[in-house]
Structures are given as structure tokens and as C-alpha cells.
A.B. asks: 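The following block contains the structure, expressed as C-alpha cells.
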Amino acid sequence: MSISVSAPTAASDKAPSQFAWLARRFIRNRAALFGLVIVGLFVILAVFAPLIAPFDPIKTNWSMIRKAPSALHWFGTDELGRDVLSRVIYGARASLMAGVVSVLIAFTIGVPIGIVSGYIGGIFDTVVMRIIDAFLAIPFLIMAIALAAFLGPSLTNAMIAIGISSAPIFARLARGQTLVIKVEEYIEAAYSLGVRPMTILVKYIFVNAFPPLLVQSTLAIATAIIAEAALAFLGLGQQPPDASWGSMLNAGRSSLSLAPWMSIYPGIAIFLTVLGFNLLGDGLHDALDPKD
Amino acid sequence: MFGFLVQRVLAAIPTLFIISLIVFSLQQLLPGDPALVIGGGEASPEMLAQIREQYGFNDPFLVQYWHWITNVMQGDFGVSFRTREEIGPMLAAKIPVTLTLATAAMLVSLVIGIPAGILAAIWRGRGWDHAVTVAALSGISIPNFWLGIMMILLFAVHLGWLPASGYVSFFDDPIQSIRTLIMPAIVLGAGLAAAMMRHTRSAMLTVMRQDYVRTARAKGVAEKTVILKHAFLNAQIPIITLATLQFGTLLAGAVLTEQVFSIPGVGKMVVDAVFNREYQAVQAVTLLSGAAFVLMSLLADVLYFVANPKLRTKTL
């Protein structure tokens, strides 16, 4: 009896075949695979930056200021003679970390609020959703800038700011999923069997709401990477001399006519990483979409 | 219609109230003594006392909020510490600049996004459709401030066709105004144009599968009329939603675009305020952008009425 109740969540005996089926659907999507390759490459760059980067990213060299790309410095050098390629490689660390950590923050704040609100319903849900709507009304980047401004400029605070600003989207999505799932028969069956509400919330509702939340997380990483770059560009993210794509773009702006390479390569890196996560998110969405 | 509008306006009031509470709560995030954070390490004890007095830091939270919101409702957002100028009039002078930029960007996104999306739906699966899909995905993925820098590099530095930065009011010099606005409008509108392409394509594909479109074709109605009159008019709702609700995103994007092109709008003001520790100005801009979103949601509802006759007959 309990087997039929727990079937939607504890499909552990079927999990490998389901996963294989999903993986097959995902791999067949060439765009998604391309996204995965891009993201994978940037993850490798970030993790193995000390081994891959040809130069120290913060070591200045006054004899090599604003040198054009060459065999020695593939992406040229910046206004302090630092190797742009090495800084782009190290910059992947700040961007990917900001993307992942801020989405984790958003997920951790937003999803429990959304699930509990949707589950309890009634006045509580109405009040919570009004607050969420108010948060969503403030444009994401302006909220992130305001939060980063009040918290103080640093990569950690930028991640917190982006995380808090993204949390309402997760709350909305989780609440929507909960409203759909909580009226399913297996939830009713679990009630009848005396399963504790906390178990229902975590093992039944959260587990079944997870696929769309995973898709949203992937797409939110892309948004968070752009937001981190934007905050760093404005001087509210990673502080010098540490490498960050956004702050590199800001530094390059003042030398645009003299050293355009300072602006070109960090921008390409942001674009490719964001594109990778967007393709990955779209691919996951298609693979997990039961209607397809 | 009037009753519906009143109902929507009343429903917006609690949202605005919560937005104001969120925005005001931001100053609680200031680490340590907020007066010291605002005044800086070099501030004298008298200056710190003045800051505490001006911000009401000695009062309980709700009293502080009440003072702040009653002032804000009278257009008083406080005084700049640095320039001693009132923030309200400063903001009022900058809003038209940002609105001009955001409106131009919206035009760019509509002019590019809607026709491209319609054509992609008509030629589904063909070369144009693939090109639109790639362009839309690229448009969403490209950071607009980088796009701005690249456009300056190409069109201002290398080709010399357009000015690299600045803003000229349309009423002072229309030609120069348009020249200075072209690049920022494209940069700010690119992301929305990409989203518009995707939404228009998707909405058109849904509508074109409907029976009434098939019937129109079966009756021998010209294909152009089927597409523009029968299909597009019915695909408007998601496009209106996107156009109106994304206006807030445009305002946020304007912060970066104005920074890149040195446009003296609200976005540049908020960035300058951040670095000058003018937290009241940051709060003012955040509050106004939230209020603008609520206003645009109301506008979306009104436009639904105009676009969808079914809604009009239901409520009349």
C-alpha cells in the first residue's frame, strides 16, 4: 500500500532508467549539448585557472602596458601590464561562483517560502504573495544595485544582493508548482496514511516540483552572471586587483581607442558563459517537459 | 471599464505600500552606525549628529518609516548631503531623459522584435526561423553594457558616424538628439527585442493553429490579411504583457546604458548616488522604479481591454 503512495517521489527503483531516458532526450538536443560543452569549458577554466593561465593575473608589468595581442600575450595586456588572457581565465572563477552561489541563496530563500505559502494557502498565501509581488515589482538590477550599495561593494555582497533579488522568482514558481501538486491524488493518499506535513512538503511536493525549479536555476545562473558583471562594471562587485569580467570591462572602457582588446575579450567570455547556461536551461526544459 | 480600473487601482495600493516598506528597510542593511557609513570616517561628531537627526536614526523604525513615507508622498525625498540640493527636483529633471531613452528602446524592440517574430512563425523551420532563434538567444545572452562598448568602438571610434556619448534634448537640437540616442536605444532595446521575437513567434504559432485561421484560409482570404488581421490581432495579449511589464526592465537596463553613454538620466544618478553615499537618492530611485512597474501593470490591464473585445463585453 505504501508503495503506491510513495511512487511519484520514491521512484528509486526506476530512477536509473528515467535518468537515462532524460539524458538521451537531452543529448539529442544539439543546442543543449553545445551549451553543456561551453559551460563545462568555463568550469574547467575556473577550477584549473592556476594551471591554465599563462601569467599571474594580478602581477603588474610596467614595461608591458596596453600591448596588443601577440604570441606572448594572446589577448594583449591591460593598463597595468597584466595579461588579459590570464585575467579572463581567473575572471571565470568570480563569474561562475557568483552565478552558482547567488542562485543557491535565491533557491534557499525562495523555494521554502513558495512551497509553504502554496501548501498553507488562504490568507497566509495571499499576504506572502503580495509581498513577493512587491519584490518582483522592483526591477531586478535596481534592487541588486540598491542592496549592493547598502551592503557595501564586494563580491560576497554582490552575490547576496543578486541572491535576494532573485529569490521572489523562485518563490513564485515553487508556489505555483505546489498549488498544482497538492491537489494530486497521491498527496491525498499520503494524508490518509498519516504522513507528516513536513514529509509531504519535502518528499512529495519539493521532489515533484524540482524539475521546473532546476530549469529556472539554470536560467537564473545566466541572469546572475550578467548581474554580477553589471555590478562589477559599476564598481559594486569584485574589487581590484582581483580579476572579474565586469570590472575588466569597466577598466577597458577608458582605454577603448588605445586598447580595444581590454574590452573585447571579457565581454566575449560573459556572452559565451551566459549563452551556455541559457542553452542548457532551454535544453533541460525541453528534456523535462512531459508535453513534448 | 471604469469600475474595473478603480478596482485595479485599489488593488495596487497595498503593493505600493509593501514596496515602500521594502525600500525603506534597505537602510537597515547599512553596517554599523548608519550615520558613520553615510558621513564617512572623516565626519565630525556634529555632522554625525546632523545625519542622525536628518535620517531620524534615533527614532523607532516605524516612526522613521512614517516620517519618510509622509515626506515622499509630498514629493520630498530628502536633501543631498554633498550638494545640499533637494533630491525630488533633481530626480524630476532626470526622469524625462530616462523616459526618452526607455521609450526609444521600446520602439527599437517593437520595430525589430514583432516583424521578426511574425516572419519566423510564418516560415517555421526555415532559414529565417533559425536565424531569428539564434539572434533572439544571442540578444538575451549579450550583456547590454558590453554591446554598448562594442558599438562605441565601431560606430564612434572607428567609423565616426555617431557620437560616443552625451545627451541632447530633442527640443534643443532634434537632429543631434536623435544621433545621440541611436546607439543607446539599440543597446537598451536589444534584449527586449530578442524577448519580443521569441514571444511573438510563440504567440503567432499558437494562434495560427486555431480553427478560425484555418477557416479564414479556407474562405480564400488573402494570406496577408490572415496573418495580420486574423492571427496577429489575436496574438497581441502576450506581446502587450511583455511590452508593458518589461518596461521596468528597461528602466533597470538604463542604469548601465546611461553609464556607458554618459547620459544624465535617473540611472546615472543612482550610480553616482551609490558612490556619494546618497542613500536617500538610491531609495528614491528604487521606490520610483517599483511604482513605475505597478503603473505599467495597470496600463497592461487597460490595453487588454482595448485589444480584447471579449473582456469589454464581459465587464460592461
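Quick note on labels: first sequence line is chain A, next is B, and so on, each numbered from 1.
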A.B. asks: Using a 4.5 Å heavy-atom cutoff, which residues in residues 153-171 of chain A come close to chain B?
C.D. replies: none
A.B. asks: Check each of V282(B), L26(B), T286(B) against L147(A) using the side-chain contact (heavy atoms from CB on, under 4.5 Å) test, and report the only one that passes.
C.D. replies: L26(B)
A.B. asks: Given heavy-atom pairs under 4.5 angstrom as the criterion, report whether the side chain, backbone, both or neither of I140(B) touches chain A.
C.D. replies: both
A.B. asks: Can you tell which part of I22(B) gets under 4.5 Å to a heavy atom of chain A, answering side chain, backbone, both or neither?
C.D. replies: side chain
A.B. asks: Can you tell which of M296(B), Q259(B), H158(B) has the highest number of heavy-atom pairs within less than 4.5 Å of chain A?
C.D. replies: Q259(B)
A.B. asks: Who wins among V274(B), V271(B), I149(B) for the most heavy-atom pairs under 4.5 Å with chain A?
C.D. replies: I149(B)
A.B. asks: Could you check which of S257(A), A149(A), P266(A) has the highest count of heavy-atom pairs closer than 4.5 Å to chain B?
C.D. replies: A149(A)
A.B. asks: Could you give the distance from CD1 (I138(A)) to CZ (F293(B)), rounded to the nearest 0.5 Å?
C.D. replies: 10.5 Å
A.B. asks: Considering only heavy atoms and a distance below 4.5 Å, find which of L251(B), V23(B), I142(B) pairs most often with chain A.
C.D. replies: I142(B)
A.B. asks: Which of the residues I142(A), D133(A), L141(A) is involved in the greatest number of heavy-atom pairs with chain B at under 4.5 angstrom?
C.D. replies: I142(A)
A.B. asks: If you count heavy-atom pairs within less than 4.5 Å of chain A, which of V270(B), V255(B), V157(B), L21(B) leads?
C.D. replies: V255(B)
A.B. asks: Determine the option with the most heavy-atom pairs under 4.5 angstrom with chain B, choosing from I145(A), I270(A), I264(A).
C.D. replies: I264(A)
A.B. asks: Heavy-atom cut-off 4.5 Å, strictly under: side chain, backbone, both or neither for V260(B) against chain A?
C.D. replies: both
A.B. asks: Just by modelled atom types, is the S263(A) backbone N or O under 3.5 Å from a matching donor or acceptor in the W146(B) side chain?
C.D. replies: yes
A.B. asks: Excluding sequence neighbours, so at least two apart, what forms side chain to side chain contact (heavy atoms under 4.5 Å, CB included) with S255(A)?
C.D. replies: R66(A), A259(A), M262(A)
A.B. asks: Heavy-atom cut-off 4.5 Å, strictly under: side chain, backbone, both or neither for F17(B) against chain A?
C.D. replies: neither
A.B. asks: Would you say that S141(B) contacts F277(A) through its side chain, given a criterion of any heavy-atom pair below 4.5 Å between the two side chains?
C.D. replies: no
A.B. asks: Quick one: what part of S138(B) sits under 4.5 Å from any heavy atom of chain A, side chain, backbone, both or neither?
C.D. replies: both
A.B. asks: Considering only heavy atoms, which portion of Y279(B) lies under 4.5 Å from any heavy atom of chain A: side chain, backbone, both, or neither?
C.D. replies: both
A.B. asks: Below 4.5 Å, heavy-atom pairs only: which of G152(A), A146(A), A230(A) has the largest tally toward chain B?
C.D. replies: A230(A)
A.B. asks: Around F34(A), counting heavy atoms of other residues, nucleotides and ligands shown, do more than 12 lie under 6.0 Å from its CZ?
C.D. replies: no
A.B. asks: Nearest 0.5 angstrom please: Q283(B) CD to F150(A) CZ, how far?
C.D. replies: 4.5 Å
